**Student:** 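Structure below; questions to follow.
Numbers here simply count residues along the sequence, with the first being 1. No experiment lies behind these values; they were computed from the predicted model shown.
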Amino acid sequence: MRRFFGNLGAGLRRWMIGRYGADELSRFLMWCGIILLIAAIFKPVAFLAIPAWIILLYSYFRCFSRNIVKRSKERDVYLRITGKFKSRFSILKKRWRDRYTHVYYRCPGCRTTIRVPRGRGRIAISCPKCRREFIKTT
Ligand SMILES: [Zn+2]
C-alpha cells in the first residue's frame, strides 16, 4: 500500500514536469469557485454554479498548463492588482495601531505618507523622499 502511494506520488511528480503548477492566482480562483459553489446551494442564486465551475476549471487548467510564460504573466497582473490593495490595507492597519502615538501626513510635494510622533507641537517636517519641508502641528 505504501509502495503504491509512493509510486503514485512519483508518477504525479513526473506528470507535473514542465507544467505550471499552483500559484497565488489559481489558489484565489479555486477559493472563489468553491465559495460560489457553496453559495449556489441556495435556490435563488443556483445559477452561480455555472460560473463557479468555469472558474474552477480555469484554475485547474492554469495548474496543468504547459504555457508557463503566459501563466506567469497572468500571475504578475494578479499580483500587481492585489499588491495595491494589500499595501493600502497594511498602511491603514499600521495607522490604526499607532493612532495614539503618531500622526500621518502627506507630503505636499510627492504625496508620500510621513509618520510623525504625536504631541510635539508645531514642527517642521522634512520629507525623507523629496526633502521638501512643511510645517504641521502634531
Ligand atoms: Zn515628499
Side-chain angles (χ1 to χ4, degrees):
M1 200 64 168
R2 200 168 158 189
R3 192 168 176 170
F4 169 75
F5 282 114
N7 287 340
L8 196 71
L12 193 67
R13 265 194 300 279
R14 213 172 310 119
W15 190 69
M16 284 303 286
I17 288 173
R19 294 179 195 271
Y20 186 66
D23 66 357
E24 295 88 347
L25 176 57
S26 43
R27 246 169 276 150
F28 171 75
L29 289 173
M30 214 172 276
W31 277 111
C32 285
I34 289 168
I35 289 166
L36 282 179
L37 261 188
I38 292 169
I41 293 170
F42 302 102
K43 263 262 158 60
V45 288
F47 63 88
L48 287 177
I50 297 163
W53 279 114
I54 292 170
I55 290 169
L56 279 175
L57 286 175
Y58 182 64
S59 86
Y60 277 106
F61 160 76
R62 289 193 77 255
C63 290
F64 302 138
S65 170
R66 287 183 190 273
N67 193 346
I68 290 171
V69 174
K70 203 169 176 188
R71 300 291 89 81
S72 318
K73 277 182 184 162
E74 289 170 355
R75 175 179 176 264
D76 288 346
V77 171
Y78 168 76
L79 288 180
R80 210 176 311 129
I81 293 167
T82 55
K84 278 180 194 162
F85 284 109
K86 277 182 186 162
S87 69
R88 209 164 287 168
F89 183 73
S90 76
I91 287 170
L92 285 177
K93 214 167 96 181
K94 208 171 157 193
R95 269 186 169 192
W96 181 254
R97 194 188 56 211
D98 47 36
R99 64 191 180 279
Y100 299 119
T101 55
H102 292 82
V103 188
Y104 286 81
Y105 289 115
R106 272 252 162 105
C107 167
C110 66
R111 314 283 300 151
T112 302
T113 307
I114 300 166
R115 194 175 81 133
V116 183
R118 201 179 267 279
R120 296 286 160 91
R122 218 171 138 75
I123 55 169
I125 302 164
S126 62
C127 172
K129 210 171 178 183
C130 69
R131 300 282 161 213
R132 183 175 168 162
E133 265 194 26
F134 55 100
I135 292 169
K136 287 279 181 188
T137 308
T138 62

**Student:** If you group Ile, Leu, Val, Met, Phe, Trp and Tyr by side-chain heavy-atom gaps below 4.5 Å, do Ile135 and Ile125 land in one group?
**Tutor:** no
**Student:** Between Tyr20 and Asn67, does a side-chain contact (heavy atoms from CB on, under 4.5 Å) hold up when you go through it step by step?
**Tutor:** CA-CA 7 Å; Tyr20 186 66; Asn67 193 346; over 6 Å; no
**Student:** Check the pair Glu24 / Arg27 against salt bridge (Lys or Arg N to Asp or Glu O under 4.0 Å), numbers first and verdict last.
**Tutor:** CA-CA 5 Å; Glu24 295 88 347; Arg27 246 169 276 150; 5.7 Å; no
**Student:** Considering only residues two or more places apart or on different chains, which pairs with a residue in residues 106-119 satisfy side chain to side chain donor-acceptor pair (under 3.5 Å)?
**Tutor:** Asp98-Arg115
**Student:** Please find the pair of heavy atoms, one from Arg122 and one from Thr137, that lie closest to each other, and give the distance.
**Tutor:** CG-OG1, 3.7 Å
**Student:** With distance as the sole test, does Arg62 use its side chain to make a donor-acceptor pair with the main-chain N or O of Arg71 at under 3.5 Å?
**Tutor:** yes
**Student:** Side chains of Cys127 and Ile114: closer than 4.5 Å at any heavy-atom pair?
**Tutor:** yes
**Student:** Side-chain heavy atoms under 4.5 angstrom apart, residues restricted to Ile, Leu, Val, Met, Phe, Trp, Tyr: same cluster for Trp31 and Phe28?
**Tutor:** no
**Student:** Between Ser59 and Leu29, what is the shortest heavy-atom contact and its length?
**Tutor:** CB-CB, 3.7 Å
**Student:** Can you confirm whether Arg120 is buried at CZ, in the sense that more than 12 heavy atoms of other residues, nucleotides or ligands lie under 6.0 Å from that atom?
**Tutor:** no
**Student:** Enumerate donor-acceptor pairs with a distance under 3.5 Å from any side-chain N or O in residues 83-96 to protein atoms, sequence neighbours excluded.
**Tutor:**
from: Ser87; atom 1: OG; to: Gly83; atom 2: O; distance (Å): 3.3
from: Ser87; atom 1: OG; to: Lys84; atom 2: O; distance (Å): 3.1
from: Ser90; atom 1: OG; to: Ser87; atom 2: O; distance (Å): 3.0

**Student:** If you round to the nearest 0.5 Å, how far is CD1 of Ile17 from CG of Leu12?
**Tutor:** 10.5 Å
**Student:** Counting only heavy atoms not in Leu79, do more than 12 sit closer than 6.0 Å to its CG atom?
**Tutor:** yes
**Student:** Only pairs at least two apart or in different chains count here, so list each ring pair (Phe, Tyr, Trp, His ring centres under 6.0 Å) that has a residue in residues 100-138.
**Tutor:** none
**Student:** Does the Ser26 side chain pair with the main chain of Ala22, one donor and one acceptor, at a distance under 3.5 Å?
**Tutor:** no
**Student:** Is there a path of hydrophobic side-chain contacts, each under 4.5 Å between heavy atoms of I/L/V/M/F/W/Y residues, joining Ile54 to Met30?
**Tutor:** no
**Student:** Do Tyr60 and Met16 land in one hydrophobic cluster if side-chain heavy atoms of ILVMFWY residues count as linked below 4.5 Å?
**Tutor:** yes
**Student:** Mind listing the closest non-hydrogen atom pair of Phe47 and Pro44 along with its distance?
**Tutor:** CE2-O, 3.7 Å
**Student:** Under 4.5 Å between side-chain heavy atoms, hopping through other hydrophobics if needed: is there a path connecting Ile35 to Leu25?
**Tutor:** no
**Student:** Rounded to the nearest 0.5 Å, what separates atom CD1 in Ile55 from atom CG in Leu48?
**Tutor:** 9.0 Å
**Student:** Quick one, Arg132 and Pro108 - any side-chain contact, counting heavy atoms below 4.5 Å?
**Tutor:** yes
**Student:** To the closest 0.5 Å, what do you measure between CH2 (Trp53) and CG (Leu36)?
**Tutor:** 12.0 Å
